Structure formats: C-alpha cells, structure tokens
Protein chains: 2
Amino acid sequence: MTKNVPHFTDSMVYSIEQIAIYLEIHGKNFFSQITNGELTPEEFRTIDVILCNPNICQRDLAKLILRDRVRTGRILDALEAKGLIRRFGDMKNKRLVKKMELTEKGNKYFQDITKRVQPYLVTLCEKFSDKQIVELKKLLNSLKEVLAEIVKVPV
Amino acid sequence: MTKNVPHFTDSMVYSIEQIAIYLEIHGKNFFSQITNGELTPEEFRTIDVILCNPNICQRDLAKLILRDRVRTGRILDALEAKGLIRRFGDMKNKRLVKKMELTEKGNKYFQDITKRVQPYLVTLCEKFSDKQIVELKKLLNSLKEVLAEIVKVPV
DNA sequence: TATTACATGTTGCATTTGTAACATAAATAT
DNA sequence: ATATTTATGTTACAAATGCAACATGTAATA
C-alpha cells in the first residue's frame with residue numbers, strides 16, 4: 001500500500017508563496033508608478049517600521065524587517081541619499097550604534113504615499129466580510145509566530 | 001479633524017509579506033541542507049507544477065509559477081543540467097514550443113524530497129485545529145483569486 | 001502581398017542581492 | 001593582562017534577478 005503524499009502545490013505554504021509573489025509584482029508596479037521610481041515597497045515598509053519603533057539601531061531594524069544587516073544598511077543608504085531619513089550615532093549598551101529618524105521631507109512624503117496605498121489595501125479586502133478579515137488576520141499572526149520560533153533570521 | 005490612517009505594518013498585506021520572508025529564509029536553509037545545495041525551493045515548486053500540469057510549454061509554466069519567461073527558462077536550464085527534467089519541442093496552436101517532463105532520476109529525486117518536506121508542513125499547522133486550517137486555506141485561496149484579477153503578471 | 005501585431009524563447013547587460021570577510025570596540029574568559 | 005567571544009556596521013566580490021532587445025515564426029490586417 002503506497003502512502004499518498006499530497007502535492008506541495010496544494011499546501012497552504014504554496015498558496016502563501018504565490019500570494020507573496022503577486023504582492024511583490026503589484027507592489028513594484030504600484031510604487032514605481034505613484035512615486036516615479038523614487039521609492040520601493042521595501043523602503044516604504046522600512047519607513048513605517050522606523051516610525052513605529054523610534055530610537056532603534058540598524059540591527060534592531062534588521063530584526064524587525066527580517067533582513068540581514070547588509071541589506072538593511074543598503075536600504076538606509078538609499079533612504080538617506082534621498083533625504084528621507086537622517087542617521088546619527090548613539091549609544092546602546094555602552095556600544096556605539098547608528099540610529100535613524102525621518103526627516104521633515106521624509107515624513108511628509110511618507111504620509112502622502114500611505115494615503116495613496118489605502119485604496120489598494122481596501123480593494124484586497126472587499127471580497128471578505130469584516131468577520132473574515134479579523135479571522136484571517138488572527139490566523140496569519142499565529143502562523144507568523146510559529147514561523148518566528150522555527151526560523152532563525154541571520155541578523 | 002485629522003483622518004486616522006492606519007499603519008501599513010498593521011495590515012494583512014504586511015503580515016503576509018513577513019510570513020513570506022520567513023518561508024523564503026527557511027526554505028533556502030532547509031533545501032540547501034537536505035539536498036546539499038542541489039535543489040532550490042523554487043526548483044522544487046516548479047517540478048511539482050510540472051507534474052501537476054503535464055504537457056505544458058514554458059510560457060504556460062511561467063504563468064503558473066508566476067515568473068517571467070526569462071526566469072522560468074533559467075529554472076528549466078538548471079533542472080535540465082541536473083538531469084531532473086528533459087525538454088523537447090512540440091506544437092501548440094501550430095507553433096513550435098518547448099515542453100518538458102521529469103526524467104526517471106528527477107521523479108525519484110522529487111518523491112524523496114517531497115516526503116522529507118512533509119514534516120515541516122505539518123509542523124506549521126500544529127498550532128491550528130483542522131477547522132482553522134480549512135478556513136485559512138479557503139481565505140487564502142480567495143485572496144489569491146482577488147490578486148490574480150488585479151495583478152497582471154508580465155509573461 | 002506587404003505590413004503589422006502577437007507568441008515564444010533566448011541573449012546581454014545593468015541592477016540587486018547574498019556571502020564572506022573585515023573593522024572596531026566592548027564583554028567575557030583564561 | 002591577554003586572549004577570545006560577541007555586537008555592530010561596512011566592504012568586496014560572486015551569484016541571482018530584471019529588463020530591454022533580439023530572433024523566429026504565425027496570425028491578422030491593410
């Protein structure tokens with residue numbers, strides 16, 4: 001009697017990966033359009049994380065956006081070059097670290113983009129009831145927690 | 001009265017993107033370990049799609065794995081070089097196209113990896129009830145359909 | 001028939017990303 | 001006190017990816 005192993009493409013993981021690809025393609029198109037290529041989706045997310053977590057160093061930021069230190073540094077290089085953030089040295093556990101904050105320009109810019117992103121986020125949810133949205137968010141967050149325990153991010 | 005725009009990082013989209021990053025990191029580690037770097041997660045997924053969709057040409061495959069033709073072609077180059085698939089010319093709408101099929105070796109290899117992937121997929125679901133799993137899959141598939149309509153994949 | 005558009009796959013180059021190593025300095029161990 | 005480990009950020013090179021263009025052949029159109 002042969003064991004019936006299900007196809008990977010029927011798994012939840014595959015669905016999420018496909019959704020992520022869609023989101024990536026759309027994000028790239030969307031941002032390149034509404035910002036004239038001045039801001040990438042990843043840069044946008046990073047700014048939001050910086051805003052929600054003031055006074056963190058680069059490595060802490062890396063842990064939050066789940067990217068390694070090199071990549072995180074490069075994102076910040078780009079944001080700094082565009083004048084959207086400012087970097088400054090500071091101490092953390094008696095160690096010199098680099099922290100960052102939004103500039104006036106960055107803040108204004110970010111507010112503007114954030115507003116323009118809303119309609120898209122709403123569109124995605126239109127097919128779902130409020131209750132479904134809540135349920136989906138809850139399940140996704142649980143899944144994220146499971147993954148956070150299993151997966152070690154190289155930071 | 002200021003409008004209260006929610007943070008992007010509180011959105012469902014952000015959660016999914018983070019989960020996807022976790023899955024990517026883990027997939028890379030996992031596959032590089034159990035296959036000694038011989039197979040990437042993307043190659044594995046591609047093989048599964050090929051198996052589930054026999055007799056398709058490269059472009060049809062590209063549409064299914066949501067990658068452009070260049071990238072799809074390169075994945076197939078790699079799989080062919082490893083002797084896991086065979087490519088052959090065929091006709092589709094009076095047009096010469098390239099199709100592909102698993103080799104004996106590829107089939108055996110794939111079955112083996114598939115079995116080893118199962119425990120991981122199970123682990124991810126452990127925290128959820130069967131009912132929750134069903135619900136989550138259903139919601140994700142709906143979301144995927146919404147995205148499939150909105151996002152045009154450049155193939 | 002000539003021309004234009006579409007479908008399919010590939011190539012070449014620029015950009016992005018990943019990996020390993022380096023640099024610095026503090027904490028810890030010997 | 002000296003050596004080793006840990007934390008943080010950067011640099012340099014290799015690998016992967018994206019994008020535009022090409023190549024070929026069919027369909028559609030003028």
Side-chain angles (χ1 to χ4, degrees), chain A residues 17 20-21 24-29 31-33 37-43 45-46 55-82 85 87-100 151-155, chain B residues 17 20-21 24-29 31-33 37-46 50 55-82 85 87-100 151-155:
Chain A
E17 286 171 342
I21 296 175
E24 203 185 332
I25 295 171
H26 184 272
K28 179 174 283 190
N29 293 342
F31 274 83
S32 110
Q33 197 194 340
E38 282 166 23
L39 199 74
T40 68
E42 179 141 64
E43 287 165 357
R45 270 177 281 166
T46 301
N55 206 43
I56 57 175
C57 70
Q58 287 193 192
R59 195 186 192 191
D60 292 340
L61 176 62
K63 286 174 187 165
L64 289 169
I65 66 175
L66 307 181
R67 300 300 190 185
D68 61 40
R69 280 171 295 147
V70 177
R71 184 160 169 170
T72 303
R74 289 199 271 235
I75 294 169
L76 294 174
D77 287 345
L79 290 175
E80 193 173 33
K82 291 168 193 165
I85 65 164
R87 280 199 269 194
F88 55 94
D90 199 356
M91 291 317 253
K92 174 195 169 188
N93 304 332
K94 295 185 188 165
R95 248 173 234 286
L96 181 62
V97 295
K98 276 188 168 180
K99 298 186 176 178
M100 72 294 302
V151 183
K152 63 155 194 22
V153 181
V155 169
Chain B
E17 285 171 342
I21 295 176
E24 203 184 332
I25 295 171
H26 183 272
K28 180 175 283 192
N29 293 342
F31 274 82
S32 111
Q33 197 194 339
E38 281 167 23
L39 199 74
T40 68
E42 178 141 64
E43 287 165 357
F44 173 75
R45 270 177 282 167
T46 302
I50 292 171
N55 208 42
I56 57 175
C57 71
Q58 288 193 192
R59 194 187 192 190
D60 291 340
L61 177 62
K63 286 174 188 166
L64 289 170
I65 65 176
L66 306 181
R67 300 300 190 187
D68 61 39
R69 280 170 296 148
V70 177
R71 185 159 169 170
T72 303
R74 289 199 270 233
I75 294 169
L76 294 174
D77 287 344
L79 290 175
E80 194 174 32
K82 291 168 193 166
I85 65 163
R87 280 200 269 194
F88 55 94
D90 199 354
M91 293 314 255
K92 174 197 170 190
N93 303 332
K94 294 186 190 166
R95 248 173 234 284
L96 182 62
V97 294
K98 276 188 167 180
K99 299 185 175 179
M100 72 294 301
V151 183
K152 65 158 192 19
V153 182
V155 171

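Numbered from 1 within each chain, the chains take letters A, B, ... in sequence-line order. Note that the structure is a prediction, hence the values are computed from the model and not measured.
Between Arg59(B) atom CZ and dT26(D) atom P there is a gap of 17 Å when expressed in whole angstrom units. Distance NZ (Lys98(B)) to C1' (dA7(C)): 15 Å, rounded to an integer number of Å. The separation between Asp90(B) atom CG and dT26(D) atom P is 15 Å, rounded to whole Å. For Ile25(B) and dT19(C), the CD1 to C1' distance is 14 Å, given to the nearest whole Å. Computed from coordinates, the Met100(A) CE to dG9(D) C1' distance equals 11 Å when rounded to whole Å. In this structure, Asp60(A) atom CG and dA7(D) atom P are separated by 12 Å, rounded to whole Å. Rounded to whole angstrom, the span from the CZ atom of Arg87(A) across to the P atom of dT8(D) amounts to 16 Å.
Asp60(A) pairs by the side chain to side chain donor-acceptor pair (under 3.5 Å) definition with Lys92(A), not counting sequence neighbours. Residues passing the salt bridge (charged side-chain N to carboxylate O under 4.0 Å, His left out) test with Asp90(B) are Lys99(B), sequence neighbours excluded. Among residues two or more places apart in sequence or in another chain, the salt bridge (charged side-chain N to carboxylate O under 4.0 Å, His left out) test is passed with Lys82(B) by Glu43(B). In this structure Glu24(A) satisfies the side-chain contact (heavy atoms from CB on, under 4.5 Å) test with no other residue, sequence neighbours excluded. Annotation: side chain to side chain donor-acceptor pair (under 3.5 Å) contacts of Asp77(A) (sequence neighbours excluded): Arg87(A). Phe31(B) is linked by a ring-ring contact (aromatic ring centres under 6.0 Å, His included) to Phe44(B), counting only residues two or more places apart in sequence or in another chain. For Arg71(B), the salt bridge (charged side-chain N to carboxylate O under 4.0 Å, His left out) partners at least two apart in sequence or on another chain are Glu42(B). When the salt bridge (charged side-chain N to carboxylate O under 4.0 Å, His left out) test is applied to Arg45(A), the partners found at least two apart in sequence or on another chain are Glu17(B). For Leu64(A), the side-chain contact (heavy atoms from CB on, under 4.5 Å) partners two or more places apart in sequence, or in a different chain, are Val49(A), Asn53(A), Ile56(A).
In this model, the phosphate group of dT10(D) is approached by a side-chain N or O of Gln58(A) to a distance below 4.0 Å at OP1 or OP2. The shortest distance between the side-chain N/O atoms of Lys92(A) and the OP1/OP2 oxygens of dA26(C) is not below 4.0 Å.
In this structure, the side chains of Met100(A) and Leu79(A) stay at 4.5 Å or more apart for every pair of heavy atoms.
For the pair Lys99(A) and Leu96(B), both in contact range of DNA chain D, the more 5′-proximal nearest nucleotide belongs to Lys99(A).
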Classify every nucleotide of nucleotides 15-25 of chain D by which part a protein heavy atom approaches to under 4.0 Å, writing B for the base, S for the sugar-phosphate alone and - for neither, in 5'-to-3' order.
--BBBB----B
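To the nearest 0.5 Å, atoms CD1 (Ile65(B)) and OG1 (Thr46(B)) are separated by 4.0 Å.
Residues from residues 75-82 of chain A placing a heavy atom under 4.0 Å of any atom in DNA chain C do not occur.
Five base pairs at each end of the helix from dT1(C)-dA30(D) to dT30(C)-dA1(D) define two local axes, and these are offset by 10° (rounded to 10°).
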